[in-house]
Amino acid sequence: MKTLEFRKKILSWYSKNRRELPWRDNPAPYNVWLSEIILQQTRVSQGIIYFNSFIEKFPDIKSLAHANEQEVLKLWQGLGYYSRARNLHAAAKQLSANNYQLPSSYKSLLKLKGVGPYTAAAIASIAFKEPVAAVDGNVMRVISRFYGINDPVNSTKGKKLIDMLSGELIDTENPGDFNQAMMELGATVCTPKNYKCPICPVNSLCIAFSANIVHELPKKIKRKKTITRYFNYLVIDLGNSLIMKKRYNNDIWKNLYDFPLIETSAYADETAIFNNPIWKSWFSGSQATILNVTDYKKHLLTHQVLMVRFYHISVPQLKNIPPEFHKTDKIDIFDLPVPKIIECFLSESFSKI
DNA sequence: AACTCGGGGTT
DNA sequence: AACCCAGAGTT
């Protein structure tokens, strides 16, 4: 049977080619969970240092649950998709009702915030040996090529088909290693480009390889183009402090901090900003001095292009600071979780001590 | 079913 | 510039 041969070959390949990774030293449930959240839409190479710093600061679920969200976001800073950090923290609090232990079944893991079908399957199989397929982007590509699937892997039909096929393939004796083997194969051999079919352990069984259509698979539905937003930040410098603001809307960077913002839908020159009502509400009647205005810098997100510019303004004093803004001592600004581009600006403009 | 949520690496 | 990454949540 083709299935048995596939399992044997891929598990054998994995035993010889598995990468040494921090969370593989000790696949305790917490370690597996944390690593899987960090690795969502994130490369292993990028996630490793975040995993290590989280394990150091929050060695168990209880310590994570007792942290402030702001501490968790600060440790997550720079990794992106910050809802992962908020949900990780919320899930740790959820688990206080379970003696700070992760549940062991796929079905119960799904109830945790931030844990969807992939992550629940990964934890259940790796930490608890439940035979459920963990289908991530790597696995979708491997299965799509192996079976020559033409349906887009990000369509409902394609996903259902791949779920079914990977569910048939999974090794029920060692589901954790099988799932990791599939992902490892996709990450290191069956890659999007520069795939290494000649060294693939299952190339003799692969439909795409035999039909010479590896380069055509997997098929995907393209996403729509990104929009461009113009962020004109007001870095209001009171000498020993800056004005900062916690982002609270359902927008990018929720619960991270930035500066008072004049957002425009198109390029805005300095005159336009000086005449903006937001600018006037901050500075009319005060002795504002413009220290520096940066050029617009392009900051790329998945669905947005941000053009970001910083107006560094010195003001001796301000009255009537609206309550949503925080006067933050300069010695404390590096304790706040901030988006990458804000961190870059702060590092360039202010010393860390 | 489509859209939104970051940042970084590769091609 | 386009695509991808050990995807999940919302609309």
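Throughout, a chain's letter reflects where its sequence line sits, starting with A, and its residues are numbered from 1. When reading the values below, keep in mind they use all heavy atoms of this one structure, side chains included, and skip hydrogens, waters and symmetry mates.
Rounded to a whole Å, the NZ atom of K220(A) is 16 Å from the P atom of dA2(C). Distance R84(A) CZ to dA6(C) C1': 11 Å, rounded to the nearest Å. One can place CG of N154(A) at 15 Å from P of dT4(B), the figure rounded to the nearest angstrom. What separates CZ of R86(A) from P of dC5(B) is a distance of 11 Å, to the nearest Å. When the P atom of dG8(B) is taken as reference, atom CD1 of I341(A) falls 10 Å away, rounded to whole Å. Between N87(A) atom CG and dC5(B) atom P the separation is 15 Å, expressed in whole Å.
Taking a cutoff of 4.0 Å between a charged side-chain nitrogen and a carboxylate oxygen, E20(A) and R24(A) do not qualify as a salt bridge. Between D295(A) and R309(A) there is no salt bridge, since no side-chain nitrogen of the basic residue lies less than 4.0 Å from a carboxylate oxygen of the acidic one.
Looking at which nucleotide of DNA chain B each of Q304(A) and N194(A) is closest to, the 5′-most match is held by Q304(A). Both I221(A) and Q40(A) lie close to DNA chain B; mapped to their nearest nucleotides by heavy-atom distance, the more 5′-ward contact belongs to I221(A). Looking at which nucleotide of DNA chain C each of R43(A) and K298(A) is closest to, the 5′-most match is held by K298(A). Map R141(A) and L110(A) each onto its nearest nucleotide of DNA chain C; the residue landing nearer the 5' end is R141(A).
For K340(A) and dG8(B), the shortest distance from a side-chain N or O to OP1 or OP2 is below 4.0 Å. Between dC5(C) and Q41(A), no contact under 4.0 Å exists linking OP1 or OP2 to a side-chain N or O. Contact annotation: Q46(A) does not reach the phosphate of dA6(C) (side-chain N/O to OP1 or OP2, under 4.0 Å). Within the structure, every side-chain polar atom (N or O) of Y81(A) is placed at least 4.0 Å from both OP1 and OP2 of dC5(C). Applying the 4.0 Å criterion to OP1 and OP2 of dG6(B), one finds that K254(A) has every side-chain N and O outside that range. Residue H299(A) has no polar side-chain atom (N or O) positioned under 4.0 Å from OP1 or OP2 of dG6(B). An OP1 or OP2 oxygen of dA6(C) is reached within less than 4.0 angstrom by no side-chain nitrogen or oxygen of W23(A).
The P339(A) side chain lies nearest to dG7(B) when the options are dC5(B), dG9(C), dG7(B). Proximity note for K193(A) (side chain, C-beta onward) versus dG7(B), dC4(C), dT11(B): the nearest is dT11(B). When each of dC4(C), dC5(B), dA6(C) is scored by its nearest atom to the side-chain atoms of R24(A), the top-ranked nucleotide is dA6(C).
Taking atom P on both dA6(C) and dT10(B), the two are 12 Å apart, rounded to the nearest angstrom. Atom C1' of dC5(C) sits at a distance of 12 Å from the matching atom of dG6(B), rounded to the whole Å.
A donor-acceptor contact under 3.5 Å is formed by the side chain of T302(A) with the base of dG6(B). T42(A) contributes a side-chain N or O that forms a donor-acceptor pair with the base of dG6(B) under 3.5 Å. Residue Y118(A) places no side-chain atom within donor-acceptor reach of the base of dG7(C), judged by atom type and a 3.5 Å distance cut-off alone.
For the residue pair N174(A) / D177(A), a side-chain donor-acceptor distance below 3.5 Å is found, with atom types taken as modelled. For the residue pair Q70(A) and Y257(A), a side-chain donor N or O sits within less than 3.5 Å of a side-chain acceptor on the partner. Side-chain N/O atoms of E69(A) and N255(A) include a donor and acceptor closer than 3.5 Å.
Atom SG of residue C344(A) and atom NZ of residue K297(A) lie 5.0 Å apart, to the nearest 0.5 angstrom.
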